[in-house]
Amino acid sequence: MFVLRLFSLERIKRWLWAIVRFVLIAGLSFVILFPIFQKISTAFKHKSDLYSAVVVWIPQHVSLDNFKEAMRVMDYWPTLLNTFALSASTTIFTTLSCALAGYGFARLKFKGSNLLFAGVILTILVPPTTILVPVYLNLKNFDLFGLMTLLTGKPVNLLNTYWPFILTSLTANSLKAGLYIFIFRQFFRGIPKEIEEAAYVDGSGIFGTFARIMLPNAVPSLVTVLLFSFVWQWNDSFYTTTYLTSSQVMSTQLSSLPYNLAQQVGDGASKADPFYLSMIQDTGILLAILPLIVIYLFVQRYFVESVERTGIVG
Amino acid sequence: MLYILPWLIGFLLFFFVPLLASLRYSLSTIQADAQGIAVQFTGLANYIQALTVDTSFNRALVEAVTEVLINVPLIVIFSLFLAVLLNQKFPGRAIARSIFFLPVILASGVIMSLESTSLIDAVNQNAGSGGGSVLGTFELENLMLESGMSEWMVSYLSGAVDRIYQIVSQSGVQILIFLAGIQTISPQLYEASRMEGATGYEAFWKITFPMVSPLIFVNAIYTIVDSFAGNAMTTLIRETGFVKFDFGLSSAMAWVYFAAIAVILALVYGIFAKKVFYQD
């Protein structure tokens, strides 16, 4: 009898907790998804729906005008292509160079390697704003130890090209690269040494071991770093607005979107309705993040699983 | 050594040299013209200018620092709580997880700053939930005050409720890290504690909490660095540099800012270093 009552009390407690948990998670999910739903609903609204008292979520006149307008102002397709090329190339270079560096720091011990690793940590901690001005000036008159002057007679201006991104990502110093090196180092440290030793005994060189044994083992952390660096490069406005002032990349387009809208949508003398502008701006944001959401839908399963095994945790 | 070489070149070229150059610029006046730049040493003039003359610098700095101090504990606690929740088994767990990691992808950079200026959002929120939520927090505040909680605590917590979207959207990576950490804890520990009659609540404080305490440290650092990377302060530094072209002043501001961050990081390190539990 007593045992039975205890059992049911336990059950009630478990049910209560399940309900509380459900409410919490559903509520917080709603908080996260709410702005996205709102943008989707806004994007399909017609201009006249804005002031209609009836329309809250589902538009009365479904129209694609907002999309057309936003695409025109943002120059959507070329921008999409540029952004994709930029993000994809930096992502691949960053991942490769960071994997190399991470492996180096994890396994190959030499004099001063700890000191150098402290340098990696420093790159994570120092805010990029601190070194922005010198890097900017450096890239404006890019002169690799006098090499460029020797070859072409004068330093090269690398601003407004993709070179700053390619160079920094090739040398593992792009956006948040310190973090990726850290992730890779932790992960490679978690792989048992015996695997490598076996490869060495079988006659594989250091590089062969890295490419054929270690990298295939590091797929979870590779996926994490690839996704992170792609997404952060895509959304980054800090470097892109500094290095690329006139190129068409998604984040520069987005940050100048309010201004462009005000310029181009208004019909001449009279100012355009700010609510209408805001509506198109929301559509623009939706268009900008749409590719990311699509990619996330495809990789999320893999991503969520892989992060748990990445060894961020060590 | 060969592996680190690409990084080392980049480190010297794009980090270390610029860092030193920035320090030098902060101590000089810089004239930039077509021929290049002329650097003239002026000592601490830029720092004095930033701290005493410039009207917006001090305010922006104080704002940035207080915001971080307020948000960091909230984000860390919140993400630990969510990680524990998302680690339990329940139907729809996979969907819930992918929703909670969505902010990692969406809420960064321009999108956040544009969103805050969006009129449609503002209007809809006022019309829809605004009135209700303000009332809700108000009643909750009264309730908590009457039950004898101190006033700053109450305003802190109700402020957190009002900023829930900001907090949720900043804790994606932290949830990931905690979740990964919780999953490395061996299930035997929990089994043993259940045998001994520990409740889930006790198991959390006696097992989960000490085991993830190194990650609390990591997450605290990450959150601080992350929230310092983009705020009013960085825009001020950028504007001084690239709109007013006062590179010296901009560098000085950046260094003061960096010093402030370093002090906070050192404080956090000091607090955590002794408390963190390491297994080995």
Side-chain angles (χ1 to χ4, degrees), chain A residues 18 21 24-25 28-29 31-33 35 38 42 97 100-101 103-105 108 110 116 119 123-135 137-138 141 168 170-173 181 231-232 235-238 251 254-255 274-275 278-279 281-282 285 289 292 296 300 304 307-308 310 312-313, chain B residues 1 3-4 6-11 13-15 18-19 21-22 25 36-37 85 90 96-103 105-106 108-111 114-115 118-121 124 164-165 168 176-177 179-181 183-184 215 225 228-230 234 237-238 241 247 250-251 254-255 257-258 261 265:
Chain A
R21 184 173 58 199
L24 266 176
I25 288 180
L28 289 170
S29 304
V31 169
I32 294 172
L33 292 177
Q38 196 166 53
T42 313
S97 58
L100 275 176
Y103 182 65
F105 281 119
L108 312 169
F110 52 88
L116 287 179
T123 57
I124 302 178
L125 298 184
V126 174
T129 1
T130 307
I131 55 168
L132 188 65
V133 169
V135 171
L137 294 175
N138 188 3
N141 293 304
T168 49
L170 264 181
T171 55
N173 268 276
I181 296 179
V231 164
W232 278 331
N235 285 336
D236 167 58
S237 60
F238 184 77
S251 52
L254 262 190
S255 52
F275 280 99
S278 180
M279 190 156 118
Q281 185 184 316
D282 273 13
I285 297 175
I289 57 177
L292 289 181
Y296 184 68
Q300 58 86 8
V304 171
V307 163
E308 288 156 10
T310 43
I312 297 181
V313 183
Chain B
M1 188 68 199
Y3 290 88
I4 311 179
W7 171 78
L8 191 62
I9 295 173
F11 177 72
L13 203 62
F14 296 112
F15 185 78
L19 194 66
S22 155
Y25 291 167
I37 51 164
L85 269 190
F90 57 89
R97 280 190 186 178
S98 29
I99 290 175
F100 278 99
F101 302 145
L102 206 58
I105 290 182
L106 302 183
S108 54
V110 235
I111 298 167
L114 275 186
E115 236 159 38
S118 168
L119 270 174
I120 297 236
D121 274 8
N124 276 0
I164 189 76
Y165 179 68
V168 173
L176 276 185
I177 294 177
L179 199 55
Q183 290 184 341
T184 59
L215 297 178
V225 171
F228 268 128
T234 50
I237 292 171
R238 277 182 59 140
F247 289 137
S250 170
S251 300
W255 272 91
Y257 186 48
F258 176 48
I261 298 174
L265 287 177

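In the text below, chain A, chain B and the rest are named by the order of the sequence lines, each starting its count at 1. Source: prediction; values computed, not measured.
Both the backbone and the side chain of B:I99 come within less than 4.5 Å of a heavy atom in chain A. The contact between A:L33 and chain B is made entirely by side chain atoms (from C-beta outward), counting heavy-atom distances below 4.5 Å.
Of all the heavy atoms in B:V225 and A:I124, the pair that sits closest is CG1-O, 3.4 Å.
In this structure, B:L85 CG and A:I25 CD1 are separated by 5.0 Å, a value rounded to the nearest 0.5 Å.
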